[in-house]
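A short write-up of the structure that comes next.
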Amino acid sequence: MGIEIQFLGAVGTVTGSQFMVRAGDRSVLIDCGMFQGSPEEVSRNRIPFAFEAGTLDALLLTHAHLDHCGRVPALVKAGYHGPIFATGATADLAEIVLRDSAKLQAEAEARWRRKHPEEAAAAELGTEASAVEDDPSLPERIRKAPPEGMTMTRAALYDERDVEQTVRQFRAVRYGEMTDVAPGFHATFHDAGHILGSAIIELRVTEGDRTVTIVFSGDLGRSDTPIVADPTPVSHADFVVVESTYGNREHAAHEVAIEELAEAINEVAGEKGVMLVPSFAIGRTQELVWVLDELLRDKRIPHLPLFLDSPMASRASDVYLRHPEIYDEETAKLLQSGDSPLVYPGEQYTNEVDESKAIRTQARPFMVVASSGMLTGGRIMHHLKDFLPDPACTLLFIGYQAEGTLGRHLQAGGKTARVDHQELPVRCQVRSISGFSAHADVNELSAWLANFAKAGGTDAADGRPKRVFLVHGDPDATGPFAERIRRDLGVEVHLPSYRETISLG
Ligand SMILES: [Zn+2]
């Protein structure tokens, strides 16, 4: 057997990243993410792993977002006891993300058990096959033919103890240092500029007399994102696995985004309204605080109270403060000059649910930032009930909204919205600012890929890969992007399908 790659997630969709590289009898997994978004996507988390967890030699994580690390404790629970290589910041952030995920799953399980005591009892007796067929939340094709070995289980995928064990398996790596991760596997993590600790992983795999280099982009950041550095150019690979979240879109420049944000805040202030911002707790929230602090310093906005309604965001911000070694130059300089760009004056973290629910009674105007970023659950849901029907409010999207989510529905101009079984009229303003994306847009992705075509190395040959695999994109993005790469780079581009295995030599 030679060297091969198998695509176990993030194909035809933007979540569930998971890629297996095998060489001989050794195997290394890159990312082990949760599927998120529509109920159909989420149901895929219940499909068992495509391999024996105990036989895996190493796991490498690109970054701490749930769609890249969310199933790691499930892998550990399934019998993986080996090392989990990630940057120190990713390990710290992943611990927060996974603890939160375990807690949310436990809550969901308790709700389900209360509502469906018979199904819960059947699950314990192991007679759950019929429950798959009866479960209306599952897509029809899965209900009709449950994938082999799939358990129905509304039970949590893992609990707090699995997370504890996961944390013990982390091995911190530094950017730019080659690490021996398994026999014949050498990995170098490079800064991806997406969130704190995020990495592009360059994997050198040797089997017999063959060596191939595979570069995994992870999620690539933008070149002018605050706090984190720009994505590292990589100039040589035999194969590249690249994300394509925005493979069909251009973002506005960061400056334009900042201007649009200032405008929205000034309007909300004038109307004595409320600005509600759905946001990922990790990464986006810290960047938003950075930008708000800057706007305030430059006197471009009035000082509105800011509620950061997320205990997870609060803990993530602490991790950001603990890792100044990763900051970009601008943020490092601000810190040296005594400024604290990661803190907005008077910001209030609301840790308890009661505090969160009391936000609605605050004197207006004010701003609320809450999760989840795509309106698929979390505290943002009770704010939606209060603010969607209110014309003085603004719902502001600053991040990607995946197909099938409530966020995408509202962004596309939905006039009503279903929140917790309640049909609500949408009377608030709905705005979107694209320039705050933590993801490279189509031009930035192309520019990063173009680094491989630049002459480099001693043999005067350029580092162009034999083949580029496009992952982590909705179908409307991957198709056109594949065309563009073929044209610009002149290399073969492949759109893998779920669980497809491809030989790399
Ligand atoms: Zn990400």
Side-chain angles (χ1 to χ4, degrees), residues 9-11 13-19 30-37 41 45 59-72 86-87 89-98 100-101 175 189-201 215-223 225-232 241-247 249 251 278-288 310 312-313 316 319-320 323 326 371-374 376 378 397-403 405 407 434-441 444-445 448 470-474 477-478:
V11 287
T13 175
V14 294
T15 63
S17 277
Q18 192 187 128
F19 313 108
I30 289 84
D31 283 349
C32 188
M34 194 88 99
F35 289 100
Q36 295 174 282
E41 285 300 316
N45 293 314
L59 169 63
L60 318 182
L61 294 183
T62 61
H63 66 290
H65 276 149
L66 199 64
D67 61 323
H68 292 258
C69 72
R71 288 179 78 194
V72 176
T87 63
T90 293
D92 288 351
L93 289 173
E95 179 174 351
I96 295 169
V97 168
L98 298 174
D100 183 72
S101 171
Y175 287 134
F189 288 59
H190 304 283
D191 198 336
H194 170 63
I195 60 167
L196 196 79
S198 65
I200 297 159
I201 299 178
V215 172
F216 294 86
S217 73
D219 284 358
L220 281 182
R222 305 199 65 191
S223 43
T225 308
I227 312 171
V228 292
D230 296 351
T232 311
V241 179
V242 65
E243 68 126 325
S244 52
T245 316
Y246 286 105
R249 259 179 282 178
H251 297 320
S279 172
F280 287 116
I282 312 275
R284 191 64 43 79
T285 298
Q286 290 75 24
E287 283 164 30
L288 185 66
S310 164
M312 184 157 69
V319 174
Y320 267 69
H323 287 278
I326 302 178
S371 299
S372 77
M374 299 193 286
T376 51
F397 290 108
I398 55 169
Y400 186 77
Q401 304 300 311
E403 270 176 36
T405 59
S434 76
F436 286 124
S437 176
H439 283 272
D441 71 1
E444 291 161 325
L445 287 170
W448 183 78
L470 278 194
V471 297
H472 203 287
D474 284 325
T478 43

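Read the numbers this way: they start at 1 and go in the same order the structure lists the ligands and their atoms. This is a predicted model, so every value here is computed, not measured.
In summary, no N, O or S atom of H439 is located under 2.8 Å from the Zn ion (ligand 1). Coordination check, H63 versus the Zn ion (ligand 1): passed, since an N/O/S atom of the residue sits under 2.8 Å. Taking 2.8 Å as the criterion, D219 counts as a coordinating residue of the Zn ion (ligand 1), since one of its N, O or S atoms falls below it.
Vertex the Zn ion (ligand 1); arms to H65 atom ND1 and H194 atom NE2; angle 90° (nearest 10°).
Aromatic pair H68/H472: centroids less than 6.0 angstrom apart. A distance below 6.0 Å separates the ring centres of H65 and H194.
Here the closest heavy-atom approach between residue S279 and residue S371 is recorded as O-OG, 2.8 Å.
Just one of V72, T15, N45 meets the side-chain contact (heavy atoms from CB on, under 4.5 Å) condition when paired with M34; it is N45.
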